[in-house]
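Here is the structure we will look at, set down as structure tokens.
One-based numbering along the sequence shown. Remember, predicted model here, so these are calculated numbers, not experimental data.
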Amino acid sequence: MQTTNRSSKALKVLVLGATGNQGGAVAHCLLKNGFGVRAVARDPAKEAARSLADEGAEIIQADLNDRSSLEAAMREVYGVYVVLPFFQEHQEREVKMGQTVIDAARAMDVQHLIYSAGSRSNERTGVPHLDSKGEIERYLRSSNVPYTILRPVAFNYSLAAYRESILQGQLIDPRDGNSVVYQLAEDDHASFATMALLDPQNWLWQGFNTASDALTIREMATVFGRVVGRTVEHVQISWEEERQVAGDEVVRLTQWVDQDGPRINMQARHQKYPWLTSLEHYLRTHGWKNLAVKS
């Protein structure tokens, strides 16, 4: 990650979802870059919360549906990082939650709110999971709260769902082998959030699509095989089979991504940010190396 010379000293950031994969990566990155971190955790005794506390984070509890609780959590913070729970159904709950967070940030005069939305969620996609985030985006842009909107593609930690089939030599997916899949390392996403806070002049009032790598399904199978230590082949299943396993909302999201895509020029992205994490490097450093051999 490349940063500016701006000092993060004495700047405190409230991180929502700090014990999850995404929020946790952001909290750790901010701590490493000198920010004070106030981490919201539903369970302060959770290992992820204890790890953050050991690094110097302040661990608190807050209710994302309760504005007064959020206002108390935002007292004397410079910025807020917002990632909201995933709802397969009843996305209006997510919208209401997002609006409550934004209202609290406005009341507490937060100087920089970073909202983690979704790929191209600033557009009308017809996918409830993305359109709910788009509704929150529009509310944020009308709120006068200074913001940066990050729009992540699929996070690499979601690849854990493939683990069992990969060990059996199969990458099971309903998409064609030539379909391009955009992936994002959570640490890269955290780096972009940190860069935005360190360099607000170039990041405030902006939206940015975050991605680390893009490979075809067939290329992904090859990478998986090279890392885990056995041949892995793509096995294409029907969308109905995928729906039975993953649910309708995930299928609708995956189909939209497959047909319309994030539309990110990854060659230009890698030229500008050469530190971005390749899928192979991510797998090798996140427990996948020689996994089939060890098993």
>> Looking at every heavy atom in both A221 and L171, which two are closest together, and how far apart are they?
In response: N-CD2, 3.7 Å
>> Show me the pairs that pass ring pair (Phe, Tyr, Trp, His ring centres under 6.0 Å) and involve residues 127-149, at least two apart or across chains.
In response: F86-H129, Y147-W205
> How are the rings of F208 and F192 set to each other: parallel, tilted or perpendicular (split at 30° and 60°)?
Replying inline: tilted
>> If you count heavy atoms of other groups shown closer than 6.0 angstrom to CD of E55, is the number above 12?
In response: yes
> Where is the tightest heavy-atom contact between Q168 and R230, given as atom of each residue plus distance?
Replying inline: C-NH1, 3.6 Å
>> For Q259, give me all partners under side-chain contact (heavy atoms from CB on, under 4.5 Å), at least two apart in sequence or on another chain.
In response: Q255
> How close do T277 and D213 get, heavy atom to heavy atom, and via which atoms?
Replying inline: O-CB, 4.1 Å
> Would you say M266 and I217 are hydrophobically clustered, going by side-chain heavy atoms of ILVMFWY under 4.5 Å?
Replying inline: yes
> Just by distance, with hydrogens left out, do Y162 and D173 show a side-chain donor and acceptor under 3.5 Å apart?
Replying inline: yes
> Are V83 and L150 connected in the hydrophobic side-chain network, where two residues link if heavy atoms are under 4.5 Å apart?
Replying inline: yes
>> Show the nearest heavy-atom pair for residues Q61 and P44, with the distance to one decimal.
In response: NE2-CD, 3.6 Å
>> According to a hydrophobic-cluster definition based on side-chain heavy atoms being under 4.5 Å apart (Ile, Leu, Val, Met, Phe, Trp, Tyr only), do V245 and L167 belong together?
In response: no
> With a 3.5 Å cut-off and no angle check, do the side chains of S121 and E137 form a donor-acceptor pair?
Replying inline: yes
> How would you list all residue pairs meeting ring pair (Phe, Tyr, Trp, His ring centres under 6.0 Å) that involve residues 211-233, not counting sequence neighbours?
Replying inline: F224-W288
> Do the side chains of F155 and V127 join up, straight or via other hydrophobic residues, at under 4.5 Å, putting them in one cluster?
Replying inline: no
> Between A27 and L52, what is the shortest heavy-atom contact and its length?
Replying inline: CB-CD2, 3.6 Å
>> Within the 3.5 Å criterion, strictly below it, is a donor on Q183 or S212 matched to an acceptor on the partner's side chain?
In response: no
